[in-house]
Structures are given as C-alpha cells and as structure tokens.
Amino acid sequence: MTKPRILTGDTPTGRLHLGHWVGSVERRVALQDQYDCYFLLANMHAFTTRFDKPQEIRQDTIEIVKDWLAAGIDPQKSTIVLQTEVPAIAELTWFFAMLLSFNDVMGNPTLVHELETKGLKDSYSFGFPMYTVGQCADILAFRPELVPVGEDQAPHIEMCRKAARKFNQLYCGVSNRADDHEHVKLGGVFPVPKALIGRVGRLPGAGDGKQKMSKSLGNAIFLSDGAKEVQKKINKITTGRQSPTEPGDPENVLFKFVEAFITDQARVAELKDRYARGDNIGDGHIKAELAEAINRLLEPMRARRAEFETPGGDDRIIEIIKAGVKRANVVAEETLYLAKRAMGLDFGRRVLA
Ligand code: TRP
C-alpha cells in the first residue's frame, strides 16, 4: 500500500514562529505517519525578493531545516525538498505559466496584498509574480492529495487546482465536467489537490492584536525563543483592560492565544467565564499561565534544536538536505516525464546524475 502524499513548504525568510506552528507545521508533524510527506524549502522564491542577499538566503534555509527538525519533522519519515535542486519544478513552472492567464496571476489576492504591504509596488522584478506559478509546480511536481497551509496561502492552492484541471483537460482528455477527485482515475497526470487550512487561521502578533504574527512586523514569538523571551513577549500583549474585576472580552487578542496554546479545554472555558464576569482574574495572571503553556510546547523543540547548534551542526543539516534532494527527484522526475509524455514531448527519458 502506498500512502497518499502531502506537499507543503516554507520560504526561508528567517526563523519559524508560533504563527507557522498553528498554521501548518503542527499538522505536518502530526501527519508524518499516515502520509508520504514532502516538505519544500522554497529558496528559489526567496530569491524573487532578496536576489541581492544570497548568503542570507543560504543561512535562512539551513535555519528553517533546524526549526523543522526541532518541531518534530523526522527526515527518516518525511522528505525535505530543496527547490533549487529539483529541476523538474522549474520546468513545470514554464508549462503551467502557459495554462494560467496573466490576469489570474496578477489578480491573485495574496500577491496583490504582498505588492501593497512589502513596498514592492513599483519596483518588483519580472520574476516576483512568477513565484505563484512556481508554487503550482512545487505542489504538482509531487502529485499530492493534500497541501497543509496557513489561510494566507489559500489563493495559491486555488491557482494550483486550476492549473491541474486545465492540464488534465487539455493534455489528458479529462472532461471539463469531471469532478476534482476523479481526475487521476480519468487519466489525468495531476490530482486536484486540496488545501488543509491550519487549526488557527490567523494568529495575531504579540501586541494589540491588529496585525498577524510576522517576523517583519517585530511581533513574532519564535519557536527558538528562550523561556524568558517568551514571557517577555507575551507580556507585550495589550487588551486595554484596567483591572482584574473589570469584565473583559473573552474573544480579545489575549484569548486568541489562550485558545491556540492552552490545551486543557475545561481550563480555557473556565478562564473565559471568569474573564467575562471580571471575577478577580487579571491579564497578568492569564499571561503567566499562557507563557507556561507555550514554554511547555517549545521546551522539547529547544532541546532538539540544541543538538544542531554545535560545531558541525550546519554540515549535518546539509547532509539531510542532500538525502532529501535524492528522494525528491525520483518523484518529481517521474511527474515531469508523465507530463511531457501527455504533451507529446516524450523525446527521451533523462536520468539525473
Ligand atoms: N509561499 C509559501 C509561503 O511563503 C511557501 C511555499 C512555496 C509553499 N511553495 C509552496 C507552500 C508549496 C505550500 C506549497 O509560506
């Protein structure tokens, strides 16, 4: 029995934070046994905005792998995919670029939002919008069933589904009335994969709750933060509530964290109830309990990370990446071959050295 596949990944832009954890990483760790998992390091995508900082991208790539391993991703079970060493991804990107309209790409809500918020509006490279098409190829190169991602990635998955359907209809004779889940059965090369959105769609940053958690906004709690740092950052959450006897809003930013990280549901319900009634429960008390819960989650991650923060640690990470690349290329090359054959491009089957 072959297990169904999962593909997802991260752009190496710095260390992973709690938003990544509840958005996707937690799921990845949990699904490793049931699924054949591929976790992609989108280092090519990092170049679309930081082409002038190759050394930073290299180091960020290594750091993300440390975060993954710390979080519990097991490279024996799951395959780590370095995007720039899987040529089939770049080749499939070209083909998918022809199947998606220019307006679909440029109107992709996540891309539009990035152009607005990252100050790229009048200066982005030709390559930048290509990352969205590239993401379709990242996914489809592995023909996965599921793509566990945070809410912000949903438009990309929708685009990927569109590309898969179009390919199968054009080149594999799949009817345009076929159900998504039947595409492969009907001869399509690509499954129409489903997004699996995280348990917490959008985790706010440690602040007033207006912004999402993000490294660039300076409100992130990193998986690699120490216990004191976590408490300090949690203390920066502001609710505007004045005293322990003031009735509070159990849906406020502080409670978004409580719901995400305090695992005892009875305790969460009790805290909410007392908070709403102003039953002598201060924000400070809740923050202490919250920081403790987060630290309980992060402690084993810190211990696992420490194993790679020794001399030679980076070299061991690079060996893990190389082993992943080998496995990834077996699958991606097979996909490329099937796709090219469907397109009448079966002029030879190459073998990567
Ligand atoms: N765009 C994703 C992010 O920034 C990273 C990514 C690249 C990805 N390729 C992917 C996620 C394929 C899921 C599937 O977080």
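Note that ligands are numbered from 1 as they come in the structure, with each ligand's atoms numbered from 1 the same way. For the numbers below, each heavy atom of this structure counts, side chains included, while hydrogens, waters and symmetry mates do not.
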All ring pair (Phe, Tyr, Trp, His ring centres under 6.0 Å) counterparts of Phe257, not counting sequence neighbours: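 Ring pair (Phe, Tyr, Trp, His ring centres under 6.0 Å) list for Phe257, sorted by chain: empty.
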If a pair satisfies salt bridge (Lys or Arg N to Asp or Glu O under 4.0 Å) and one of its residues is in residues 76-85, list it, with sequence neighbours excluded.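 Checked against salt bridge (Lys or Arg N to Asp or Glu O under 4.0 Å) - neighbours excluded - the pairs reaching residues 76-85 are Asp33-Lys77.
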Should the pair Phe167 and Tyr171 be assigned to parallel (<30°), tilted (30 to 60°) or perpendicular (>60°) ring geometry?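 It falls in the perpendicular class, over 60°.
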Remaining members of Met98's ILVMFWY cluster at a side-chain heavy-atom cut-off under 4.5 Å?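 Reading the cluster by chain and number, Met98 sits alongside Trp94.
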Flag the pair Asp10 and Arg28 as a salt bridge only when some basic side-chain nitrogen lies within less than 4.0 angstrom of an acidic carboxylate oxygen.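 Between Arg28 and Asp10 there is a salt bridge, with a charged N closer than 4.0 Å to a carboxylate O.
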Residues Arg202 and Glu151 bridged, charged N to O under 4.0 Å: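 Looking at Glu151 together with Arg202, the answer is no, because their closest N to O distance does not fall below 4.0 Å.
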Give every pair formed by an N or O atom of ligand 1 and a protein N or O atom closer than 3.5 Å, one pair per line with both atom names and the distance to 0.1 Å, or write none.
residue	atom	partner	partner atom	Å
ligand 1	1 (N)	Gln135	OE1	2.9
ligand 1	1 (N)	Gln153	OE1	3.0
ligand 1	4 (O)	Thr11	OG1	3.1
ligand 1	9 (N)	Asp138	OD2	2.7

